[in-house]
Amino acid sequence: MFKKIGFTNKWSVISFFLIILILMPSVFILIGFFNPISDTWLHIRRYLLKDYIYNSVILVFFTGLFSIIIGVSLAWFVNAYDFKYSNFFKWGLILPLAVPPYIGSYTYVGLLNYTGVIQTFLRNNFELVLNQSYFNIMSLSGAIFIYTIFLYPYVFLITHAFLQKQSASLVEVSKTLGKSPISIFFRIILPISRGAYVAGTTLVVLEVLNDYGVVKYFGISTFSTSIFQTWFSLGDINSAIRLSVYLMAFVIIVLFLEKLSRGGKQYSYSNTKIKPLKAKKLTGWKNWSMFIYAFTVISLGFIIPVLQLIYWSIISYGKILNMNIIQTVLNSIGVSLVGSFIILVAAVIIANTVRIKKNILTKNYARIAVLGYSIPGAVIAVGVMIFFLKMDNFIQLISGQNNMLLLSSSIFMLIFAYLIRFLAIGYNSVESGFNKIGTDFHEASRTLGNGITKTFFKVDLPMMKPALMSGFLLVSIEILKELPLTLILRPFNFNTLATRAFEYANDEMIHESAILSLILIFISVILVYSLTYIKKKGR
Amino acid sequence: MRFLNKGSILLIVILVFSFTTLIMGAEEEVNLYTNRHYDTDKLLLDKFEEKTNIKVNVLKGGSDELIEKIDREGEDTSADLLITADAGRLHRAKNKGLLQQIENDTLFNNVPENLRDTENYWFGLTVRGRVIVYSKDRVDPSELSTYGDLTDDKWENRILVRSSSNIYNQSLLASFIEIHGEEWATEWAAGVVDNMARKPQGNDRAQATAIASGVGDIAIMNTYYLGKMLNSSNPEEVKVAKQLEIFFPSQETTGTHINVSGIGLTKHAKNKENAIKLMEYLSSVEAQEMFAKANYEYPVNPNVEPSNLLSSWGEFKPQSINLSKLGEYNKKAYMIFNRVGWK
């Protein structure tokens, strides 16, 4: 019977149990959906739901749109043209990814408000007091700006990597046919890179839907703030679950519409012959305007916020008591390394099973593996907490030891939550790695009588190294910046850079949070840089 | 089997890493869930550890999240004590059956009756008022009187206040529901919405800054934020704070709204004795000075003088309601805000 559903080797057995494990918390959550409707829910539906939907849709639509415009145009420019510092921009434009949006939002508010550097300068030097609404970033459009400028790198990163490898021959053919650069961009580049930027935009959209810090600070009600509100302020977990099911439905509709719009005409284009595009050297005003465009983006997304944070760190340096910074840094690094490692291992096991055993069961593995990315952090937190407490009860039952929470008071709970939340990112990297190496070598090795496991370690793994490393780094950056799960699920005395920076900022001590934010950004920058280094070498 | 060796070594590394956080030894300890995160709190707890040799383990988080966590952990909870920055939240913890009563003379002496639970499930540690802050230039203090007066037409387009999702606003409105009834509270909230200078946004500090920049003239905010701004490391913020003055509303009538951050012993505390020792310590004269000063709040212990800054603001008459009511009417208050469109 086990053979029937594909339990023919270790890989599929382990995959099966991993998938079950990943599904458990969602199951505990979904049970809540079938509870009867409460008064609170009627209240939410009557007074609040419209706002949630409106705000979420506006945020997602415009952030997605602007991220595509900025991400794709820049990815094309750095590939097709050789302008001032364009080699630096190839990786420099990813840097905004190192700044968590909530830190970015605190920084921009502090920069722009009445006591911030800009207004203070104008006031004290020119006695200029401008209308405050010019500086007000705490609005829907402000939130769109924050999300776009710190999240567009997802679109840039993936589109850039795609264009680097795939566009050369098509572009050269079009050139010989006499097409203008603008027509090449709109008629060739945009259609062929569609898969790449849609993948990037999907990540942006899911980040926006899940973000809690920015919208909470700006006072905008979205699905993610309302889930926390309903669960905590109204104490109604069932209505909170109802809202998250709505949110997940929303995500699924977005993904479905995207697929539908592509219809039959899929311009997927890929070529195994990798040939880099020859960049055209620019001179004069064209050279300068490209440089200014790229420099403006990187300034807004990285240089300006970092300078502001450095300034705050300097003025608040003496005030910070008892920071224990080293321990905090070690915690942050430790938890992201261990978390990423476990996520990558799980991703490899599942992806390898999917690749080798194609049946109804494994077909759905991939979908389940990426499911967690669309579930709001708060909901994962509850689900994981319930699941771990149930397991602890079970352990108590077997061991006969009462009053002990072995698992749910340990860091395993947090790492498991990361696994659910970020498996999608690890899985996508691993999957693209497997796609790239194909199955020829694998089958050759199997024909020679090697088992799946031996073949994996001897044949597949060495070829997969770049893909695994970049997956590892991407997940590490995410865990480093992660907030709601870490806040709720961490064990005693466990602080990370993200939680401490948030705590200070949340207590309206923005200057004090600056130094922790800076260290966090600095570590992320190292990871981002290693990421591009691997990509370069992998080429 | 190279795979097994490699794999198992990595696994061991991970397990060791994970368990180092688990193994904390069997020494004397007390586990504290708190949503205060001031650096001075840590110094205070260090002092307690030194004095008593009881190790204090701290888990920080939002008060709602911590309460939910204690609730989910049930009988096995690792929390001995819960500190939250709002009486309403302590009341919720009590209502959920997460706290236990304490009969302790030291605590009774250190914490006045109105600042603790009627049945002694929780005890206040620090006090803050939710007051009106006004522009020295544009507002004559004689214009100000009660909270109710804020709905008067003369304040049209002049009031600044943060969003209703904030617990301090919810507790303020809950106190009005207790004192004046639901209808009055609804009218009051609607009246304030009509007079707002802008849609609610930002935190309490942002409201104060908005007065200085001329967006509005008066703001509803907590006392300690002004203290924080006066001591800010940004000189511009200090300048802003100096243009502002505190007004304690409703002095002739029902009193100014106050709230506490307080502490409760969990129902299933495993280290009850140590926990009570810590409660006694935090309410003692020695600790109260630092504990309250850290956040520019008023100490609960009547034998401790408030800091110079707070004394300079003068004494005030607080609302006389029992603070448990803030929790009781929290949900009602939140729903009123939604109904009148206080974002």
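Labels below follow one simple rule: chain letters A, B, ... track the order of the sequence lines, proteins then strands, and each chain is numbered from 1.
Among Leu389(A), Asp392(A), Asn393(A), the single residue meeting the side chain to side chain contact (heavy atoms under 4.5 Å, CB included) criterion with Asp76(B) is Asn393(A).
Judged as a side chain to side chain contact (heavy atoms under 4.5 Å, CB included), and not counting sequence neighbours, the contacts of Ser38(A) are Thr40(A), Trp41(A), Asp236(A), Ser239(A). Applying the salt bridge (charged side-chain N to carboxylate O under 4.0 Å, His left out) criterion to Arg162(B), with sequence neighbours excluded, gives Glu508(A), Asp204(B).
The parts of Asn31(B) that come within reach of chain A are both its backbone and its side chain, each placing non-hydrogen atoms under 4.5 angstrom from that chain. Residue contact with chain A, scored on non-hydrogen atoms closer than 4.5 Å, involves the side chain of Val215(B) exclusively. Contact of Ile510(A) with chain B is not made at all, since no heavy-atom distance falls under 4.5 Å. Of the two parts of Ile488(A), the backbone and the side chain both hold a non-hydrogen atom closer than 4.5 Å to a non-hydrogen atom of chain B. Proximity to chain B (any heavy atom under 4.5 Å) is restricted, for Tyr47(A), to the side chain, taken from C-beta onward. Interface residue Met385(A): only side-chain heavy atoms are found under 4.5 Å from chain B.
Pairing each heavy atom of Tyr114(A) with each of Ser213(B), the nearest pair is CD1-CB, 3.0 Å. Across all non-hydrogen atoms, the minimal contact from Arg490(A) to Lys69(B) is O-NZ, 3.6 Å. Taking each heavy atom of His511(A) and Ser233(B) in turn, the nearest pair found is ND1-OG, 3.0 Å. The two atoms that bring Asn234(B) and Thr115(A) nearest to each other are ND2-O, 3.1 Å, heavy atoms only.
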Set out, in order, the CA-CA distance, both residues' side-chain angles and the distance that settles side chain to side chain contact (heavy atoms under 4.5 Å, CB included) for Arg46(A) and Asn338(B), then state yes or no. CA-CA 10 Å; Arg46(A) 175 147 175 219; Asn338(B) 290 332; over 6 Å; no
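Once rounded to the nearest 0.5 Å, the distance linking NZ of Lys343(B) with CG of Asp51(A) reads 4.0 Å. Distance check: Lys239(B) NZ to Arg123(A) CZ gives 6.5 Å after rounding to the nearest 0.5 Å.
Residues Tyr217(A) and Asn203(B) form a side-chain contact, since some pair of their non-hydrogen atoms from C-beta on lies under 4.5 Å apart.
Residue with the most contacts toward chain B among Thr499(A), Thr225(A), Asn124(A): Asn124(A) (heavy-atom pairs, distance under 4.5 Å).
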